[in-house]
Amino acid sequence: MITSKLPNVGTTIFTTMSQLAAETGALNLSQGFPDFNGPQALLDAVGKHVASGHNQYAPMTGLPALRQQVAAKIARSYGVQVSPDSEVTITPGATQAIFCAIQAVIRSGDEVIVFDPCYDSYEPAVELAGGRCVHVPLGLTDFSLDFEQIEAALSPRTRMIILNTPHNPSGALISRAELDQLAELIRDRDIYLVSDEVYEHLVFDGVPHVSVLAHEELYQRAFVVSSFGKTYHVTGWKTGYVVAPAALSAELRKVHQYVSFCGVTPLQFALADFMAEHPEHVEELPAFYQAKRDLFCDLLAPSRFSFTRVAGTYFQLVDYSQIRPDLDDVAMSLWMTREHGVATIPVSVFYQTPPQGQRLVRLCFAKREETLRQAAEKLCVI
Ligand code: PMP
Ligand code: GLN
């Protein structure tokens, strides 16, 4: 008999729904990934580097050329200088980056504040480190931070707060004023931050992304995480990075070097080349995804779903209370997949205590126009 270290963990909702979509032939708007390829020059660069022999271990902290490109992108995007050598670490995916950051600083008995709905990888990582998550719900309709509840959740054991902006699954953004308020709240406490900013370049309507990297005070205690998968349409490459002050990076690297040692070499070469040659890719990304959001939302306007256009990410939440208020969101997602041919993600699975009566599912719009049109056609007749 095995006594599980993670008794509450099963198969993730992303695996479950993507599998169901494949079995039923439904359009898969559940797990977040594009149904189109990354830029051709990026794909070609991988082949070139594999053929030219870049197939052995990369440096543990990441290829220097890629770390330099990351630092250059950060300088362009947020106007701050980070050291590519001591502050940037390339990891096999943002998930691994988050895991390593948590293992690096969380000890047995520590508490970590997370905000519900909460991305699913945080809590198991905290539990494996011997810590415990304290769940604070975000605002019911706008998914904003509730500072009274954060303050109430703080204890002498609080060792970390995990932020996620732009937020999966709601698309909500954290503002500069909120970061300032957070800084004030934890100023005299020994608390680290993980800021999960994997959707940093998917922010719409001309609103800039507010990065913890650009918050001088908070950055001193932060691990800021991003993913090339989202930014370059290559989620299957599982390549990401962490930016943290040198002392924190050093601790993170101690874990990273024994979790994986390094990221995949030819992918790092290809990303470094592409970032150097196409800095405009990142600048064009908001408009690229905003056009998809707007097309999808325009097509859904005649449907019986209600929604507010998301501020960021490539997910759109839709409320189905006018359609099947009798179904909870897991049942609704299964019903939509099986009976209407569109796979979605229920939102309640990201809560410790799902809000009573919430009727929301998440749709991924990182899809070709043709897929969005087909999906909208099906959604409009539900
Ligand atoms: N954080 C959030 C909020 C995500 O949505 C995702 C993934 N899709 C990740 C982290 C993980 O990114 P990666 O695939 O690079 O591990
Ligand atoms: N982050 C992706 C999503 O939210 C899923 C990644 C995964 O499958 N673990 O859909």
Side-chain angles (χ1 to χ4, degrees), residues 5-6 9 11-15 18 31-33 38 46 56-64 66-67 69-71 73-74 82 84 86-107 112 114 118-131 133 160-165 168 192-201 212-213 222-245 248-272 275:
K5 288 185 73 180
L6 296 170
V9 169
T11 308
T12 78
I13 190 69
F14 306 118
T15 305
S18 275
Q31 190 178 26
F33 61 86
V46 179
Q56 309 311 328
Y57 295 126
M60 182 272 279
T61 59
L63 208 68
L66 184 55
R67 284 187 277 107
Q69 286 303 322
V70 168
K73 176 172 78 76
I74 289 169
V82 298
S86 60
E87 293 177 82
V88 179
T89 307
I90 309 296
T91 58
T95 311
Q96 202 250 34
I98 294 163
F99 186 86
C100 291
I102 291 169
Q103 304 308 314
V105 296
I106 295 303
R107 292 181 163 83
V112 177
V114 296
C118 167
Y119 188 62
D120 68 343
S121 83
Y122 308 156
E123 186 149 26
V126 170
E127 288 182 353
L128 287 175
C133 280
M160 179 182 276
I161 297 176
I162 305 184
L163 302 175
N164 173 209
T165 183
N168 178 7
Y192 299 103
L193 290 183
V194 163
S195 188
D196 178 349
E197 302 183 13
V198 299
Y199 301 102
E200 62 178 322
H201 299 296
V212 166
L213 289 169
F223 298 92
V224 181
V225 174
S226 192
S227 173
F228 297 103
K230 319 287 170 194
T231 302
Y232 299 97
H233 316 307
V234 287
T235 61
W237 287 15
K238 292 301 298 187
T239 305
Y241 60 88
V242 196
V243 186
L248 285 182
S249 289
E251 291 307 309
L252 174 121
R253 289 168 177 185
K254 289 180 189 174
V255 180
H256 159 74
Q257 71 180 345
Y258 293 120
V259 172
S260 59
F261 185 74
C262 65
V264 178
T265 306
L267 302 184
Q268 294 189 51
F269 272 100
L271 285 162
M275 288 174 79

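For reference, positions follow the sequence shown, starting with 1.
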Donor-acceptor pair, Gln268 side chain versus Gly263 backbone, under 3.5 Å?
-> yes
Heavy-atom nearest pair, Ala94 first then Val198, reads CB-CG1, 3.5 Å
NZ of Lys238 to OG of Ser227, rounded to nearest 0.5 Å, is 7.0 Å
By side chain to side chain contact (heavy atoms under 4.5 Å, CB included), Thr239 pairs with (sequence neighbours left out) Ile90, Phe228, Trp237, Leu267, Leu271
| message | Under a 3.5 Å cutoff, is there a donor and acceptor pairing between the side chains of Glu197 and Ser226? | response | no
CD (Gln257) and SG (Cys100) are apart, to the nearest 0.5 Å, by 10.0 Å
Quick one, Arg67 and Pro64 - any side-chain contact, counting heavy atoms below 4.5 Å?
yes
Quick one: do Met275 and Lys73 satisfy side chain to side chain contact (heavy atoms under 4.5 Å, CB included)? Show the steps, please.
CA-CA 8 Å; Met275 288 174 79; Lys73 176 172 78 76; 4.0 Å; yes
For this session: Without swapping roles, check the side chain of His256 against the backbone of Phe261 for a donor-acceptor pair under 3.5 Å.
Result: yes
| said: Looking at Val212, is its backbone amide N or carbonyl O close enough to the side chain of Ser195 to form a donor-acceptor pair, meaning the two atoms are under 3.5 Å apart? | reply: no
Between Ala244 and Leu248, the two heavy atoms sitting closest are CB-CB, 4.0 Å
Heavy-atom closest pair (Tyr241 atom, Thr91 atom, distance to 0.1 Å) is N-OG1, 3.8 Å
Exercise for the section: Evaluate the criterion side chain to side chain contact (heavy atoms under 4.5 Å, CB included) for residue pair Ile162 and Tyr119; output intermediate values, then yes/no. Expected result: CA-CA 10 Å; Ile162 305 184; Tyr119 188 62; over 6 Å; no
Quick one: do Ser260 and Gln96 satisfy side chain to side chain contact (heavy atoms under 4.5 Å, CB included)? Show the steps, please. CA-CA 9 Å; Ser260 59; Gln96 202 250 34; 2.5 Å; yes
In terms of heavy-atom contacts, Tyr122 and Asp196 come closest through OH-OD2, 2.6 Å
Are Val82 and Val70 close enough that some pair of their side-chain heavy atoms sits under 4.5 Å apart?
no
Within-4.5 Å side-chain heavy-atom neighbours: Ser18 and Phe33: yes
**Request:** Ignoring hydrogens and angles, tell me if any N or O in the side chain of Thr265 forms a donor-acceptor pair with the backbone of Ala58 under 3.5 Å.
**Result:** yes
Exercise for review: Would you mind reporting whether Asp120 and Phe14 have side-chain heavy atoms less than 4.5 Å apart?
Suggested key: yes
Closest heavy-atom pair, Val225 versus Ala97, reported as atoms and distance to 0.1 Å, is CG1-CB, 3.9 Å
**Message:** I want to check something: taking the side chain as every heavy atom from C-beta on, are Gln103 and Leu128 in contact at a cut-off of under 4.5 Å?
**Reply:** yes
Value for CD (Glu251) from CZ (Phe223), rounded to nearest 0.5 Å, stands at 8.0 Å
When rounded to the nearest 0.5 Å, the distance separating CD of Glu87 from CD1 of Ile74 is 8.5 Å
Heavy-atom closest pair (Val88 atom, Arg253 atom, distance to 0.1 Å) is O-NH2, 2.8 Å
* Asked: Should Val112 and Ile102 count as side-chain neighbours, where that means a heavy-atom distance under 4.5 Å?
  -> no
Between the SG atom in Cys133 and the CD atom in Glu127, the distance rounded to the nearest 0.5 Å is 6.5 Å
- Judged by modelled atom types alone, do Asn164 and Tyr199 share a side-chain donor-acceptor pair under 3.5 Å? no
